[in-house]
Every structure is written in C-alpha cells, then in structure tokens.
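Heads up, the thing below is written out as structure tokens.
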Amino acid sequence: MDTSPTILSTKKLSAAQKELLLNTGIGFVEYEAITIKLLEINIEDTVQNAIFTSKNAVKAIKNSGMVVSNCFCVGDNTKKLLQENDLNVVETAQNASDLAEIIIKKYKNDSFLFFCGNLRRDELPDLLEQNNVEVKEQIVYKTHLKSNKFNRTFDGILFFSPSGIQSYVSENKIEESVSFCIGNTTASEAKKYTDNIIVANKPTVENVIVQAVKYFNKK
C-alpha cells in the first residue's frame, strides 16, 4: 500500500517550483483557489509615498503611467518587482504589521497611499490610523474566490493568502491536514480552522514548498 504523503497547493506552481517537489516522494495536486482581476487606474498626480503589500498591486499600477516617488512594501518578491519597474523602494518588511511599525517609527508625519485589493487585511491601515498616520486606500485589483470540492484528505495544504484559505474552506475541511502558510497573516486565517500550522520563514512560494518537504521527509 502506498503511504507516501500527498500535498495540495492552492495555487498553480511554476516548473521551477515543481522541481522542488520532484524526487522527494511527495505526491501533489494543484489548483487555483483564487483569481485576480487587475483594475484600470487613473491617477494623474505624483504619488509621494505608496504602500504595496502584494505583487498584484504592483502589476496593476505598472502600466498606468503613474509617477511614484517612494515605495514601502511587504516581501522580497514585491520589492524585486518594484525595482524591476525602476521604482524606488525605501522600506521593506516581511509582513504588513512590521511595515506599519516601521512607518509609525520613522515616517509618522508623511501621508501614504495604500494600493490594495478588495479583500485586503485590516492590520496595516488600522495600525497607521491608530497612530495618526495619514493613509488613503486605492483598490487596484479584485480577488475572486474559486471554490473547488475535493473528496479526499491531503497530508498537507500549501496556503499563500488568507483568501486562498477562505476559498478552500468554503467547500472543504482542513481537519488533520498540516497547513503550510506563506506568512503570519495567512497563518492567522488558518488558525480559525486548525492548530496544525507551519509558517514559512520567508514569504515565498519556494519556502512554503521547502517547509513541506522538510516536514514530510522527517517523518
């Protein structure tokens, strides 16, 4: 009887990401738990200080012709995409709460425009507002949940966003599966359904996969 573990990825993996799973003895299933629709943006003024917590927001503004002076972002991949588009990254943090703390400490008197999605989390704008930092929001992409029922249990599930978890649990239960989460924000959503959570030590898809491989290879 085959006892090798099987994991579910809640997003389609690239060829390079799948390579990390090949030859590990771990089976995997992948699907898109969410879809992203970029919105058209019309901002003609120069934006002095912009906040980006995801690559989707960067993709949404990159062809808009908008001028952004300073970028504050979450995650190395978001930073990389901003820099590839010749945007000036002033501060980077590994999660939204940490970025808010940096802004409160060093840029309290500046005002910010937060480019976000329709399902954005509250941590960052709430922390800034509580500390009297001026922040406005511009929704630049929409996240749609794509529910999919699986008639089986997975040993592990890879989650990359809180909305990915909401999408999965709309039709399925996490139950005994280990939830591998890309960061603390995603993990706090997973905590509503399970205590069996492992958080990646870097917010990248690759690191989530590596955590799963490490976990199941130890067993």
Side-chain angles (χ1 to χ4, degrees), residues 1-38 53-57 59-60 74-75 77-78 94-96 116-123 139 141-219:
M1 194 176 145
D2 182 16
T3 55
S4 61
T6 303
I7 58 174
L8 174 71
S9 172
T10 53
K11 73 182 287 174
K12 294 271 178 79
L13 303 177
S14 70
Q17 288 159 355
K18 286 177 191 172
E19 280 284 326
L20 297 170
L21 282 163
L22 287 172
N23 308 320
T24 61
I26 299 170
F28 78 97
V29 175
E30 56 177 1
Y31 84 114
E32 292 289 356
I34 57 173
T35 56
I36 302 294
K37 182 178 188 290
L38 304 181
T53 56
S54 85
K55 289 199 304 183
N56 294 318
K59 288 174 191 168
V74 171
N77 288 339
T78 308
Q94 293 305 320
N95 62 60
C116 57
N118 61 317
L119 300 181
R120 69 114 178 96
R121 304 281 293 182
D122 297 331
E123 289 94 338
I139 292 175
Y141 66 93
K142 284 197 167 167
T143 304
H144 300 282
L145 308 186
K146 278 176 74 178
S147 54
N148 195 334
K149 182 141 184 66
F150 295 96
N151 295 313
R152 60 179 293 187
T153 304
F154 296 95
D155 298 287
I157 307 170
L158 312 183
F159 289 120
F160 305 99
S161 67
S163 43
I165 295 173
Q166 290 158 11
S167 176
Y168 178 79
V169 299
S170 69
E171 290 283 346
N172 308 278
K173 287 190 165 71
I174 292 178
E175 292 180 325
E176 299 305 306
S177 309
V178 183
S179 294
F180 297 92
C181 297
I182 197 162
N184 292 326
T185 312
T186 302
S188 60
E189 183 68 26
K191 280 193 183 100
K192 295 176 186 175
Y193 309 99
T194 179
D195 292 324
N196 206 354
I197 297 165
I198 292 174
V199 184
N201 38 27
K202 273 182 119 181
T204 65
V205 174
E206 290 75 13
N207 199 271
V208 178
I209 296 167
V210 166
Q211 296 303 325
V213 170
K214 269 192 200 162
Y215 177 85
F216 289 114
N217 278 353
K218 261 193 228 160
K219 296 196 84 169

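It should be emphasised that the depicted structure is a prediction, and the values quoted were computed from it without experimental measurement.
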**Asked** Which pair of heavy atoms, one from Ser147 and one from Glu171, lies closest together, and at what distance?
**Response** CB-CG, 3.4 Å

**Request:** Provide the closest heavy-atom pair for Leu21 versus Ile7 in the form atom of the first, atom of the second, distance.
**Result:** CD2-CD1, 3.7 Å

**Request:** Would you check, one step at a time, whether the test side chain to side chain contact (heavy atoms under 4.5 Å, CB included) holds for Val178 with Tyr215?
**Result:** CA-CA 9 Å; Val178 183; Tyr215 177 85; 3.6 Å; yes

**Prompt:** Between the side chain of Ser167 and the main-chain N/O of Lys146, is any donor-acceptor distance below 3.5 Å?
**Reply:** yes

**Prompt:** Should the heavy atoms of other residues, nucleotides or ligands under 6.0 Å from CG of Asp122 be counted, would the total exceed 12?
**Reply:** yes

**Request:** Before giving the answer on side chain to side chain contact (heavy atoms under 4.5 Å, CB included), spell out for Glu123 and Thr185 the whole-Å C-alpha distance, their side-chain angles and the decisive distance to 0.1 Å.
**Result:** CA-CA 9 Å; Glu123 289 94 338; Thr185 312; 4.0 Å; yes

**Request:** Output the distance between atom CZ (Arg120) and atom OG1 (Thr53), rounded to the nearest 0.5 Å.
**Result:** 9.5 Å

**Prompt:** Is the shortest heavy-atom distance from the side chain of Val213 to the side chain of Gln211 under 4.5 Å?
**Reply:** no

**Message:** Please tell me whether Ser188 and Arg121 have a donor and an acceptor in their side chains that are separated by less than 3.5 angstrom.
**Reply:** yes

**Message:** How long is the straight-line distance from CD1 of Ile36 back to OG1 of Thr143, given to the nearest 0.5 Å?
**Reply:** 3.5 Å

**Request:** Give, for atom CG of Asn196 and atom OG of Ser177, the distance between the pair rounded to the nearest 0.5 Å.
**Result:** 8.5 Å

**Message:** Within the structure provided, determine whether Leu145 and Thr35 are in side-chain contact (heavy-atom separation under 4.5 Å).
**Reply:** no

**Request:** Please report the shortest heavy-atom distance between Pro203 and Gly75, naming the atom on each side.
**Result:** CG-CA, 4.3 Å

**Asked** Within a strict 4.5 Å, meaning less than it, do heavy atoms of the Lys59 and Tyr141 side chains meet?
**Response** no

**Message:** Quick check for you: to the nearest 0.5 Å, what is the distance between Leu8 atom CG and Leu158 atom CG?
**Reply:** 7.5 Å

**Request:** Verify, without hydrogens or angle tests, whether Glu30 (side chain) and Leu13 (backbone) share a donor-acceptor contact under 3.5 angstrom.
**Result:** yes

**Prompt:** Do the two ring centres, one from Tyr31 and one from Phe150, sit under 6.0 Å apart?
**Reply:** yes

**Prompt:** Going through the distances and angles, do Ile165 and Val169 end up as a side chain to side chain contact (heavy atoms under 4.5 Å, CB included)?
**Reply:** CA-CA 6 Å; Ile165 295 173; Val169 299; 4.3 Å; yes

**Message:** Quick check: do Arg152 and Val29 have side-chain heavy atoms less than 4.5 Å from each other?
**Reply:** yes

**Asked** Donor-acceptor pair, Gln17 side chain versus Val205 backbone, under 3.5 Å?
**Response** no

**Asked** At their closest point, which heavy atom of Ala33 faces which heavy atom of Gly164, and how far apart are they?
**Response** CB-O, 4.0 Å

**Prompt:** Run the salt bridge (Lys or Arg N to Asp or Glu O under 4.0 Å) check on Lys173 and Glu175 step by step: do they pass?
**Reply:** CA-CA 5 Å; Lys173 287 190 165 71; Glu175 292 180 325; 5.7 Å; no

**Message:** If you compare all heavy atoms of Ala187 against all heavy atoms of Ile197, which two are closest, and at what distance to 0.1 Å?
**Reply:** O-CD1, 3.8 Å

**Complete:** Rounding to 0.5 Å, atoms CD1 (Ile182) and CZ (Phe159) come to a distance of 12.5 Å

**Prompt:** Can Val74 and Ser54 be said to form a side chain to side chain contact (heavy atoms under 4.5 Å, CB included), step by step?
**Reply:** CA-CA 7 Å; Val74 171; Ser54 85; over 6 Å; no

**Prompt:** Considering only heavy atoms from C-beta outward, does the side chain of Phe180 approach that of Val199 to under 4.5 Å?
**Reply:** no

**Prompt:** Hey, does Thr6 have a side-chain heavy atom less than 4.5 Å from the side chain of Ile26?
**Reply:** no

**Request:** Kindly say whether Asn201 contributes a backbone atom to a donor-acceptor pair with the side chain of Asn207 at under 3.5 angstrom?
**Result:** yes

**Message:** If I take atom CD1 from residue Ile174 and atom OG1 from residue Thr153, how far apart are they, to the nearest 0.5 angstrom?
**Reply:** 12.0 Å

**Message:** Tell me the closest heavy-atom pair linking Pro5 and Asp155, and the distance in Å.
**Reply:** CA-OD2, 3.1 Å

**Asked** Between the side chain of Asn172 and the main-chain N/O of Lys149, is any donor-acceptor distance below 3.5 Å?
**Response** no

**Message:** Run the side-chain contact (heavy atoms from CB on, under 4.5 Å) test against Ser161 and tell me which residues pass, sequence neighbours left out.
**Reply:** Ile34, Ser163

**Request:** Scan side-chain atoms only and decide if Asn184 and Gln94 contain a donor-acceptor pair under the 3.5 Å cut-off.
**Result:** no

